[in-house]
Amino acid sequence: MKKNFFSFVFALVVFFILSANVAGAADITLTYANFPPASTFPCVQMERWKTEVEKRTNGQVAIQTFPGGALLGAKNMFDGVKQGQADIGNLCMAYQPGVFPLTSVLEVPMGFSSATVASAVLYDLVEKFNPKEFSKVKVLAVFATAPSNIISTVPVRSLADIKGLELRGAGGASDVLRLLSAIDVNMPMSDTPEALQKGVVKGLLSSLEVLQDLNYAELCPYVTMLNAQVYPFAVIMNKDKWDSLPEDVKKVFDDLRREQSIWTGQYMDRHVDDALSWSKKQYNLEVLTMSEEDMATMSKLLAPMQEDWKQKADKADIDAEAVWTEVQALKTKYEATAP
Ligand code: DTR
């Protein structure tokens with residue numbers, strides 16, 4: 001009898017110690033999937049968001065991050081999050097042409113000066129138009145890369161050099177490559193290191209921070225400045241999971257939306273500069289430009305992309321003219337007063 005009593009007291013003490021520990025741990029754990037390696041900007045922004053969320057919720061929320069496609073890959077990110085295979089995911093709109101008819105407007109080359117400006121424009125655009133393409137998910141952040149340039153294993157000094165060259169792109173970048181008569185090889189960034197290594201492609205059209213983050217500078221001694229389109233990204237959350245969150249947690253996420261979007265653009269811009277300096281020092285990277293005449297010809301060759309986007313948007317029941325006008329107004333505003 002006495003022994004039973006002591007066992008009971010002991011069990012009670014263990015129970016209280018364990019409950020105290022559990023109370024100290026997070027109440028809510030959310031999974032966050034990302035497709036490229038941890039060194040790249042989509043994952044850097046993911047870790048920054050995780051840190052901020054855990055801090056601002058005083059540890060009530062824990063974020064478990066999965067870089068490198070460990071939970072969801074580039075092309076099944078959107079569906080995977082909608083179906084709840086991950087609570088949160090980071091996707092690149094260019095990897096699923098036709099699925100994001102409104103926000104793909106950013107994939108039309110329009111001379112953005114930076115990722116910061118493009119990200120601010122994209123954020124305001126999503127706020128204003130609340131695109132139908134995201135109606136089944138909660139949007140936690142949107143941002144864009146810096147404008148794309150050619151990173152290559154062979155020197156590209158002119159439009160003639162681009163002709164017939166196998167270059168990798170996705171979405172709007174693929175259209176750019178096709179219109180410039182390159183051989184467009186379409187794939188997500190996560191498949192590109194292998195394609196470059198095997199010589200399947202001679203280069204890619206991308207923002208330049210990957211020279212360092214994916215060590216492309218080792219294989220590619222040349223960059224050609226085109227200042228072409230940007231790639232839009234979104235961080236999305238499963239709708240049911242979002243609906244299940246307590247109000248105070250929702251507020252933390254909502255308060256972070258614009259801040260995180262702009263933070264990512266600013267991080268990217270700084271990092272493009274750093275990666276260029278690093279690549280020049282480490283691998284003697286050569287930065288090439290094309291003649292003014294070729295740049296003017298390029299603008300003419302790419303001009304149809306605007307009309308093409310409008311036609312596709314119209315078909316998706318979007319007021320393309322209104323969206324286009326708004327994008328241009330926002331671009332003018334933010335180019336003048338970078339956030
Ligand atoms: N440039 C796009 C998007 C992109 C730019 N940097 C990274 C790093 C990791 C993943 C994607 C991207 C692209 O070429 O896919």
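In what follows, residues are counted from 1 in the order of the sequence shown. For ligands, and for the atoms within them, numbers begin at 1 and follow the listed sequence.
- Of all atoms in ligand 1, numbered sequentially from 1 with element shown, those under 4.0 Å from a heavy atom of Pro36 are 9 (C), 10 (C).
- When only non-hydrogen protein atoms are considered, atom 5 (C) of ligand 1 lies nearest to Ser207 OG, 3.3 Å.
- Shown here for Asn186 and Ser174, the closest heavy-atom pair between the two residues is ND2-OG, 3.0 Å.
- Taking every non-hydrogen atom of Ser206 and a distance limit under 4.0 Å, the qualifying atoms of ligand 1 come out as 1 (N), 5 (C), 14 (O).
- Tyr123 has its ring centre no less than 6.0 Å from the ring centre of Phe143.
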Test Thr116 against Gln266 for side-chain hydrogen bond (donor to acceptor under 3.5 Å, both in side chains), laying out the working first.
-> CA-CA 5 Å; Thr116 308; Gln266 289 170 338; 5.2 Å; no

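- With a heavy-atom cut-off of 4.0 Å, Val210 touches ligand 1 through its side chain alone.
- Using a 4.0 angstrom heavy-atom cutoff, Met268 does not count as in contact with ligand 1.
- Taking the six-membered ring for Trp and thresholds of 30 and 60 degrees, Phe78 and Phe100 have ring planes inclined between 30 and 60 degrees apart.
- Annotation for Pro101 and Gly98: closest pair CD-O, 3.9 Å, computed over non-hydrogen atoms.
- Within ligand 1, counting atoms from 1 as listed, the ones closer than 4.0 Å to a heavy atom of Tyr95 are 11 (C), 13 (C), 15 (O).
- Distances below 4.0 Å separate heavy atoms of Glu209 from the following atoms of ligand 1: 5 (C), 6 (N), 7 (C), 8 (C).
- Remark: of the listed residues Asp87, Asp240, Asp254, Asp254 is the sole one forming a salt bridge (charged side-chain N to carboxylate O under 4.0 Å, His left out) with Lys138.
- Within the model, atoms OH of Tyr32 and NZ of Lys50 stand 12.0 Å from one another, a figure rounded to the nearest 0.5 Å.
- Atoms of ligand 1 lying under 4.0 Å from any heavy atom of Thr40, numbered from 1 in the order shown and given with element: 8 (C), 9 (C).
- Ligand 1 places these atoms under 4.0 Å from at least one heavy atom of Arg168: 13 (C), 14 (O), 15 (O).
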